[in-house]
Amino acid sequence: MPIKLFDSLSREIRELRPSHADGVYRFYNCGPTVYAPAHIGNFRTFVVNDVLRRLLDLEFGPGKVKHVRNLTDVDDKTIKRARDEGRPLGNVTQQWTDKFHADCAALNCLPPHEEPRAADPKYLREQVSMIDVLLKKGNAYRSPDGSVYFKVSSFENYGRLSRVKERELQLGFALAGKSQAADADEKEDGSDFALWKAWKPDDGPNKWPGPRGAAEGRPGWHIECSAMSKAILGETIDLHTGGIDLLFPHHENEIAQSECCNGQQFSRHWYHSEHLLVDGKKMSKSLGNLYTLDELVAKGFSPMALRYALLMGHPRKQLNFSLDSMHAAESALATLRNYRASLLEKTSAAENVFTPVLTALNDELNTPAAFGALFSIVNRKDSGVDRASFDQVMFALGFDLSMPAAATAEVPSAITSLAAQRWAAKQAKDFAAADALRKELAAAGWSMLDSKTDYKLEPLKKA
RNA sequence: GGUGCGGUAGCCAAGUGGUAAGGCCGAGCUCUGCAAAAGCUCUAUCCGGCGGUUCGAUUCCGCCCCGCACCUCCA
């Protein structure tokens, strides 16, 4: 069953097919900048890409997919963070790389096959040599301070992806932005962008030998993806993905660099997932309205529920996140856990009843439709459903139902002892005392869940 | 100002030219000493507004209203 995905460049829905002779599907996903914990908006993109990765594995076979996701570990933000904290850059980026990995694992995201870092000496060299080629070919120029810029006017296809020309930036809007100013004097044209940034005192010890004739410094942001994608996946890749905000300028710039350098198509397919909104507004570092995974876990939600909540909306539509959606996700997952437990390990069923779920996913990663199909089947309670076929769709969606439903809260000893008293009273059939103790527990914020032989303590659910 | 996207039940959210998937919440029931959990059942004469095309529109077209995003920090 072919996977169909919208292509941001052709603006059509296209089937995913490998183009290389070895049959390996080459897939590059723009990764995080490691200077702080990723927020749940970042994770929407990574979770969506993880579902895509899983579908590719199912479609082409695990050995026939090469998934690369970079780590941006040298840029303005990482350097600023290191400077502010008085720590070496590599120390800061390692800390946040580790945190990112831990969060991804908690969200049950498959690790990419390769995870190149921009500051890796090997890839620094790749970036520099690419800039050298661009200089030689006349697509780039050195500025007075020793930086190197890409000359946008040298690439006639510039703007095809974002259709930036159609947007006709209005004076006053484009130029009012503060970010324009920083290197305006160095550039020949306002739309040119940095390939190499000459060292400045604020950069501290973070500098590397530059391209021919340029000053020591560090790579511009966009060049890392072009260089690492080429080094690992080759000059033409099958798919390049990221959040919608990367469409312009990041991906537009990548295309310009790569195609000018290599003289051939950079990526055959582009896919962008939409933003997660919080309280109806874009969640962003600059607005400060962001949640992290840890914050949700601290509220008693499970990482799996976040994964579910992030998949509740169509990936190409903005999704408004709320704590209500976390509750909904948690409940829905509980239903799936119970359903799985009711299934037989093996049955004689010939057909996979869950095919409609996979069909929905392969149709543009339509996760909400997939959930609809899934619960329709679950609600039918067909007999003879195979656990393995259910597990296959759980794999595709990336739900590990064995992961804990929620963080197990520490039970205070006072509560433990009240509970023990109540259990004893109940065993003695002193129901009045048992009920009184239940009330006491409730007043302290705890609920006691009895079974025949045992009981559990849970924090009371907040309204 | 330009460029996109969207407005479907209390909340979230698919979808289709032929009469509205699914999740959450809520209600009722079963079970349980109670409570919870679990299971069962129910829950939009209607898809922002006004016109048009059509035998028929939530779905196509036009206009209007509202919201969001992007326009070189950003997943």
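Proteins get letters first, then strands, A, B, ... in listed order; numbering begins at 1 in each.
- With distances taken from any side-chain atom of A:Lys426 to the nucleotides B:A75, B:G33, B:G15, the minimum falls on B:G33.
- Side-chain to base pairing of A:Asn338 with B:G39: no donor and acceptor N or O lie closer than 3.5 Å to each other.
- Put simply, the residue from A:Asp98, A:Val92, A:Thr93 that forms a side chain to side chain contact (heavy atoms under 4.5 Å, CB included) with A:Trp96 is A:Val92.
- Applying side chain to side chain contact (heavy atoms under 4.5 Å, CB included) to A:Thr241 and the options A:Asn29, A:Leu246, A:Thr45, A:Val48 leaves one that passes, A:Asn29.
- For A:Arg44 and B:A75, a side-chain-to-base donor-acceptor distance below 3.5 Å is absent, hydrogens and geometry of angles not being considered.
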Atom pairs and distances, donor-acceptor, side-chain atoms in residues 312-319 of chain A, under 3.5 Å, two or more places apart:
unit_1, atom_1, unit_2, atom_2, d
A:Arg316, NE, A:Glu364, OE1, 3.1
A:Arg316, NH2, A:Glu364, OE1, 3.4

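- The aromatic ring centroids of A:His222 and A:His251 lie 6.0 Å or more from each other.
- With hydrogens and angles left out, the side chain of A:His275 and the base of B:A75 share a donor-acceptor pair within 3.5 Å.
- Other residues, nucleotides and ligands contribute only 12 or fewer heavy atoms inside 6.0 Å of the NZ atom of A:Lys429.
- One donor-acceptor pair, N or O on each side, does fall under 3.5 Å between the base of B:C34 and the side chain of A:Asp450.
- In this structure, A:Phe321 places its CZ atom 14 Å from C1' of B:C11, rounding to the nearest Å.
- Residue pairs meeting the salt bridge (Lys or Arg N to Asp or Glu O under 4.0 Å) criterion with at least one partner in residues 39-56 of chain A, sequence neighbours excluded, are A:Asp50-A:Arg54, A:Asp50-A:Arg307, A:Arg53-A:Asp57.
- Distances from the side chain of A:Leu319 to the nucleotides B:G33, B:G4, B:A13 place B:A13 closest.
- Straight-line distance between the C1' atoms of B:U59 and B:U54: roughly 13 Å, to the nearest whole Å.
- The side chain of A:Ser331 approaches B:C25 more closely than any other nucleotide in the set B:C71, B:U3, B:C25.
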Review point. Just the dot-bracket of RNA chain B, please: which string comes out with Watson-Crick or G-U pairs under 3.5 Å, [ ] for crossing, | for another strand?
Key: (((((((..(((.....[...))).(((((.......))))).....(((((..]....))))))))))))....
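- Minimum atom distance to the side chain of A:Phe431 is reached by B:G33, of the listed B:G33, B:G22, B:C68.
- A:Arg380 contributes no side-chain N or O that forms a donor-acceptor pair with the base of B:G22 under 3.5 Å.
- Using a 4.0 Å heavy-atom criterion, one finds that A:His314 contacts the sugar-phosphate atoms exclusively.
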